[in-house]
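In what follows, chains are A, B, ... by sequence order, proteins preceding strands, each numbered from 1. Computed from a predicted structure; not experimentally measured.
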Amino acid sequence: MQKLGDFKLPQFFNYPPYFTLQPIRETREKQIQLWKELILEYCRSQKIFIVGLDEEFSLFSNQSIERSLSHESREVFLSALVSEGRAEWMDKSHKKCLILWLKVQDWADYIINFVRENGLEDSVMTVEDIRSGIESRGTELAGIDRGVLIRALKLLEQKGKAAIFKGSSTDDEGVKFNI
Amino acid sequence: MAASAWLPPVDLTDSGRPVLFPGEVERLFISSIDLQAEENPSLPPLRSGLLTLTSHRLLWINETSRFAHFIPLGSVIHAFPPKKSIKSMFTSPKIRIQVTSDSDGKITSGKGTTSVVITIVMRGGKSDSEAFYGKLWEVLKSRSWEVEEVKGREDVGEIRDSGSVEGTSRVRTAVVGVAGILRKEQEMWESTDKSLQDAFQDLNALMSKAKEMVALAEKMRQKLLSGSAAQANANDEEMGSKQEMQDWLLSVGIVSPVTKESAGALYHQQLSRQLADFVKLPLEKSGGMIALIDVYCLFNRARGTELISPEDLLQACALWEKYEVPAMLRKFDSGVMVIQSKAHSDEEVFARIISLAQKPDALKMGISPSDAALTLGIAPALAKEHLLNAESRGLLCRDVSPDGFRFYVNMFKEFELGNIYLAWRINAIAGLDEDSRCDIDADLDVQATLQASIMMLER
């Protein structure tokens, strides 16, 4: 089984046509579906949140069969994720893509669960604590993208489940949960 | 008496075109013609057919029912000019010819005891009887059907002519001994050469020389054949030139091209039929499909002079839909146009492509258009069309890389179904998972699964 880091690659990763954008509609739809799933799985396992289209992204090439995705194909697959709401373009020129292998709403739910399980209802945490604190280790929250975390927290704030208060600088932002 | 009894029949090809005698050339076509023997009511008339005036005969063809008869021009004693009268302005023009026949009224070639007057009635409306009459006289005067016998004497006469003209202005060199024999050979080659030059300089002369050229080609072919048979082992070069000669002979196949001059309004119809006949042999040789551009070149080369334009070719092919011909025009998605024999089946080609794409090498590296061309026995450009066609049906998928354009069996559907056997097999073949190596050919289970998956694709 081939690996990228500690991620086990699926068998079809070695099928050369997988790396060529298929022109026939039916075949292409299947190809897009496979790539969408693969991108989400990989980003989740490697905690990757941002993919740069022009940058090196190891998932987009397979050295052993000497194939890699063209710029056009990458844009097609990432756009498909965007359409499904599992990713967002960070700029108009589509150079960077934010991968939401969990949607913002899903993150919000995950945080609620995390708070409950760790009995953190009444404590105040900084945003950084949530990202890299001891409790977060081993959970999905460890290393979460700051921007995504804040959006999830804001969502909770709207629902009245949390309160965010700013400190004198961004590092000091704190959250109190009302679950 | 049936019509077939008083007029000899004409052989027709599969496309309804007449089979011509060697050296016979078509000169004029007129449609909607009746032939009747006005003075002999016992001889049944022939109604509404296509009249073709050739250098040797007058052909009458019923295109729908596919039967035809002819009047040999050698039996025509006299042709009466079309009558000009007030009455004739309102009726269909008629031309009468007097033809030798036997006592029953049966028309034969030449030796008849009496004669019959046949009236050619032009019901076509736009027919020009004067033009037809003029052409008929021209053809009767040239007596092409008799040229056969004179030909032998003609050849010798030419040689003598060239020799004697030169002889008067300079001293004749020795004609005896080896020098004489060599000289004679030289003279023969020179005259052949001159004949060739004359033929190609004057396009009209070429038409009459066409028969000679074909005979010359036949002689050369015989020489080549006997040459290679004499040798115990013919070397490659000889075989190559023999093949060339055969191809060249194929291309010189058409002696009587359909022209706008001879066919007028019926030009495209007749051209269409002639094209259908011509295209049969090349189609067989190329496995049932030829690019239109290739047919254009082949057909024009065979015609020699009176070349047809691309538009003429397209129109001729388009007319095939109306007639029962065994060929059809087909346009691929990419725009490439081919002529395809009706017997050709896409499904059969797909089956062959898929079996090629499932071979171990192909599973690993895919197939290129040249691989397919080699296996299918067709031109690479056409092979690519077939591969693209198979791709559009979901049987193959493409792989574009710096190595080129290749096609693989379409396995995307399989991955979705989580067919682990298939996925495992790809991996094993790709040689990346050392642990999974096994004897691929012996694995019948996987073969069967592969087969089943492919069959599922062919819904």
Looking only at atom types and distance, does a side-chain atom of Thr20(A) sit under 3.5 Å from a main-chain N or O of Val400(B), one as donor and one as acceptor?
yes
Any donor-acceptor pair under 3.5 Å linking the side chain of Tyr15(A) with the backbone of Met411(B)?
yes
Is any side-chain heavy atom of Phe407(B) closer than 4.5 Å to a side-chain heavy atom of Pro17(A)?
no
Taking the side chain as every heavy atom from C-beta outward, state whether Pro23(A) and Arg398(B) have any atom pair closer than 4.5 Å.
yes
Tell me, yes or no, whether the heavy-atom count around [X] atom [atom1], taken from other residues, nucleotides or ligands under 6.0 Å, exceeds 12.
X: Lys36(A); atom1: NZ; value: yes
X: Asp333(B); atom1: CG; value: no
X: Asp109(A); atom1: CG; value: yes
X: Lys154(A); atom1: NZ; value: no
X: Asp54(A); atom1: CG; value: yes
X: Glu41(A); atom1: CD; value: no
X: Glu66(A); atom1: CD; value: no

Contact origin within Phe19(A) toward chain B - heavy atom pairs under 4.5 Å:
neither
Below 30° counts as parallel, above 60° as perpendicular, anything between as tilted: where do the rings of Tyr18(A) and Phe412(B) land?
tilted
Once you round to the nearest 0.5 Å, how far does CG of Asn410(B) lie from CD of Glu26(A)?
9.0 Å
Choice from Arg406(B), Glu391(B), Met365(B) maximising heavy atom contacts with chain A below 4.5 Å
Glu391(B)
Quick one: do Arg67(A) and Asp399(B) satisfy side-chain contact (heavy atoms from CB on, under 4.5 Å)? Show the steps, please.
CA-CA 9 Å; Arg67(A) 296 283 185 275; Asp399(B) 166 45; 2.8 Å; yes
